[in-house]
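Each remark here refers to the structure printed beneath this line.
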Amino acid sequence: MTSSTDEHKLVGPIVRGFDPDIVAALTEAIQLDNPDADIVVEDHSGYVRIHAPWFLKVTSDSLEYVAGESIPLASLEPAIAGFAGRMRYVGDHELHWYLERED
């Protein structure tokens, strides 16, 4: 769990809860892609916050693995209501949420 002093350093998506399968797949894929991260998942009924300090990523390979079908990362955009930090696509197969500039 993050300390209260690190709360302003959290990054990650805020996912609408209208499709629980997408929320579950994204949550599990993020956990697979960030094995050393201190990930916090907060279910607020209508939306789910998935966050960790400083950096999170999700890959299309992990998302496909947990969902059992191909889900292009760009197709997640309608489900992502917002995010903390910055968000950047790395090619077509990886999505990053981060606090500091990556360029």
Side-chain angles (χ1 to χ4, degrees):
M1 190 70 160
T2 57
S3 70
S4 61
T5 59
D6 287 338
E7 285 184 20
H8 66 284
K9 299 174 184 174
L10 297 175
V11 298
I14 302 167
V15 187
R16 289 184 181 98
F18 65 84
D19 187 341
D21 293 335
I22 291 292
V23 173
L26 182 59
T27 301
E28 189 174 343
I30 286 173
Q31 290 170 333
L32 284 174
D33 285 330
N34 302 275
D36 297 325
D38 186 14
I39 298 171
V40 177
V41 178
E42 298 175 354
D43 188 342
H44 296 275
S45 297
Y47 66 95
V48 176
R49 296 180 74 96
I50 307 166
H51 52 129
W54 297 100
F55 179 84
L56 276 180
K57 72 176 180 179
V58 67
T59 63
S60 57
D61 289 342
S62 291
L63 193 57
E64 181 176 342
Y65 173 75
V66 299
E69 64 180 294
S70 178
I71 300 175
L73 293 177
S75 72
L76 295 175
E77 287 185 25
I80 297 176
F83 54 90
R86 298 173 186 228
M87 186 174 88
R88 179 178 133 190
Y89 285 96
V90 179
D92 292 335
H93 302 288
E94 202 163 309
L95 182 56
H96 293 181
W97 293 274
Y98 58 98
L99 196 56
E100 299 298 323
R101 293 183 65 148
E102 288 190 325
D103 53 359

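FYI, side chains are in, hydrogens and waters are out, and symmetry mates aren't considered; it's all heavy atoms of this structure. Start at 1 with the first residue, then count along the sequence.
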Worksheet entry | Single-linkage hydrophobic cluster Ile14~Val58, side-chain heavy atoms < 4.5 angstrom | no

Any link between Ile22 and Leu32 through a network of hydrophobic side chains (Ile, Leu, Val, Met, Phe, Trp, Tyr) touching at under 4.5 Å?
no

Exercise. Under a 4.5 Å cut-off applied to non-hydrogen side-chain atoms, are Tyr98 and Arg88 in contact?
Worked result: yes

Is the shortest heavy-atom distance from the side chain of Ile39 to the side chain of Ile30 under 4.5 Å? yes

When rounded to the nearest 0.5 Å, the distance separating NE2 of His93 from CG of Leu63 is 12.5 Å

Nearest heavy-atom approach of Ala52 to Ala37 is CB-CB, 4.3 Å

Give the intermediate values and the outcome of side chain to side chain contact (heavy atoms under 4.5 Å, CB included) for residues Val48 and Glu42.
CA-CA 6 Å; Val48 176; Glu42 298 175 354; over 6 Å; no

Minimal heavy-atom distance between Gly12 and Leu56, with the atoms involved, is CA-CD1, 4.0 Å

Is the shortest heavy-atom distance from the side chain of Thr59 to the side chain of Glu94 under 4.5 Å? yes

Please tabulate, for side-chain N and O atoms in residues 69-83, each donor-acceptor pair with protein atoms closer than 3.5 Å (sequence neighbours left out).
unit_1: Ser75; atom_1: OG; unit_2: Pro72; atom_2: O; d: 2.6
unit_1: Glu77; atom_1: OE2; unit_2: Tyr89; atom_2: OH; d: 2.7

So ring pair (Phe, Tyr, Trp, His ring centres under 6.0 Å) across residues 19-46, not counting sequence neighbours, yields His44-Tyr47

Notebook entry, point to check: So, do Lys57 and Asn34 sit near enough that their side-chain heavy atoms are less than 4.5 Å apart?
Noted result: yes

Output for pair (Gln31 CD, Ser62 OG), nearest 0.5 Å, gives 11.0 Å

Between His96 and Arg86, is any pair of side-chain heavy atoms under 4.5 Å apart?
no

When every non-hydrogen atom of Ala25 is compared with those of Val66, the smallest separation belongs to O-CG2, 3.3 Å

